[in-house]
Amino acid sequence: MAIESVGIVGMGAMGMLLASQMADQLPEGQLKVIVDKARLKGYAEASFLVNDQPLHLNFVTTPAAGEALDLAIFAVKYQALAGAIKQMKPFVDDHTSIISILNGIASEEDLAEAFGDDQVLFCVAQGMDATREGHEMHYSRAGQLALGVRSAGQEGRLQDLVDFFHRADIAIELPEDARRQLWNKFMFNVGLNQVVSVYGDGYGVIQKQGEARDQMVQAMREVLPIAKAEGVDLTEEDIKGWMGVADGFAADGKPSMLQDLDAGRPTEVELFSGTVCKLAEKHDLSAPVNDWLYHILTAKNKELE
């Protein structure tokens, strides 16, 4: 079934980036941004800008009678996922395909529990450098989405996604092992998001030789044996590839975790070093750099309380 109606929940940097790409290409009314009633008035009156260009969006709280989306996209922070699921549920029926562009390796399981295994596919957002301040977002690299099936029988849904994103002129790739790609991106975030946030500067801090760059590599390296213990084969070549990606970001750009800290919002540290440390303990492995990152970033979270 061709994807015509699309809903996205979450207007952070990644949500704004994806919404702006779709809004530029899709017919009017085809894209809906799902919001709760508390945010509706403020969002409707706000001026959203992407790379200094106006972004006009269709904000809705409830579906029209008999309406169900063809595609539901989750772009919230993980701590907001439970609420986002409740917001999205009225817009979803059995035919709706669902993807998440959240960080970490857990959101697909949560969505599958809420909506069913057959509806949730793998999607990994990678290579973006979007930075959001208020209702303004800037980026120099739009990146791409890596898509894949999570369970048998989803090949038709996957093809519908491929056709839709091609039509919307959004870059995609189809890795042989989408679960591996999810873990690979997780490893990148464990290094980039956390280390740049601890040092409190833009991407430039890890783009030069020195302590911060070394810490980023070591944080990612600690994921390798954990991934192997979880049945995922990541390698040093993956780390090398991600360092190349990071070197291409705008030096003054900021990852989502640092954007949260700067805005006084709690970070997703539990998704990154928190997950690494728990899985390291589970498999009797060590992760000293991630342990160090976890304690620093947890302390920063407490300062925001």
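As a basis for the values below, the full set of heavy atoms in this structure was taken, side chains included, without hydrogen atoms, waters or symmetry mates. The shown structure was predicted, so the numbers you read here are calculated from the model rather than taken from an experiment.
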Donor-acceptor contact below 3.5 Å, side chain Glu155 vs main chain Gly153: yes
Salt-bridge criterion met for Glu236 and Lys240 (N-O under 4.0 Å): no
Check: Phe186 and Thr275 side chains under 4.5 Å, non-hydrogen atoms: yes
Donor-acceptor pair between His95 and Gln119 side chains, under 3.5 angstrom: no
Geometric class of the Tyr199/Trp292 ring pair [parallel <30°, tilted 30-60°, perpendicular >60°]: perpendicular
Electrostatic pair Asp36-Arg39, nearest N-O below 4.0 angstrom: yes
Val196 versus Asp201, closest heavy-atom pair with distance: CG1-O, 2.9 Å
NZ/NE/NH1/NH2 to OD/OE distance under 4.0 Å, Asp70 and Arg157: no
Asp262 and Lys254 ion-paired at < 4.0 Å: yes
Donor-acceptor pair, side chain of Thr61 and main chain of Lys37, under 3.5 angstrom: no
Donor on one side chain, acceptor on other, Gln181 and Asp177, under 3.5 Å: no
Non-hydrogen atoms of Gln154 and Asp118 that approach each other most closely: NE2-O, 3.0 Å
Gap between atom CD of Gln215 and atom CZ of Arg213 - 0.5 Å precision: 13.5 Å
Side-chain donor/acceptor of Arg167 to backbone N/O of Asp169, under 3.5 Å: no
Ser273 side chain to Asp291 backbone, donor-acceptor under 3.5 Å: no
Whether Trp242 and Phe188 hold their rings parallel, tilted or perpendicular, with breakpoints at 30° and 60°: parallel
Minimum heavy-atom distance between Gln79 and Pro266, given as atom pair plus value: NE2-O, 3.5 Å
Side chain to side chain contact (heavy atoms under 4.5 Å, CB included) assessment of Leu55 paired with Leu49: CA-CA 5 Å; Leu55 173 61; Leu49 297 175; over 6 Å; no
Taking every non-hydrogen atom, the tightest pair across Leu17 and Met128: CD2-CG, 3.3 Å
same_hphob_cluster(Phe74, Val6) at 4.5 Å side-chain heavy-atom cutoff: no
Residues Tyr203, Leu192; criterion side chain to side chain contact (heavy atoms under 4.5 Å, CB included); working and verdict: CA-CA 8 Å; Tyr203 293 121; Leu192 183 76; 3.6 Å; yes
Student check: side-chain heavy atoms of Leu71 and Phe164 closer than 4.5 Å: yes
Whether Glu113 side chain and Glu109 backbone form a donor-acceptor pair below 3.5 Å: no
Side chain to side chain contact (heavy atoms under 4.5 Å, CB included) between Met88 and Leu69, worked out: CA-CA 10 Å; Met88 187 66 83; Leu69 297 169; 3.8 Å; yes
Residues Glu268 and Asn103: side-chain donor-acceptor under 3.5 angstrom: yes
Matching residue for Gln194 among Leu258, Asn189, Ile296, Asn290 - test: side chain to side chain contact (heavy atoms under 4.5 Å, CB included): Asn290
Near-ring test Phe48/Tyr43, centroid separation under 6.0 angstrom: yes
Ionic contact status for Asp260 with Lys77, cut-off 4.0 Å: yes
Check: Asp129 side chain, Ser140 main-chain N or O, donor-acceptor pair, under 3.5 Å: yes
Asp117 and Ser151: side chain donor to acceptor below 3.5 Å: no
Tyr78 side chain to Glu270 side chain, donor-acceptor N/O pair below 3.5 angstrom: no
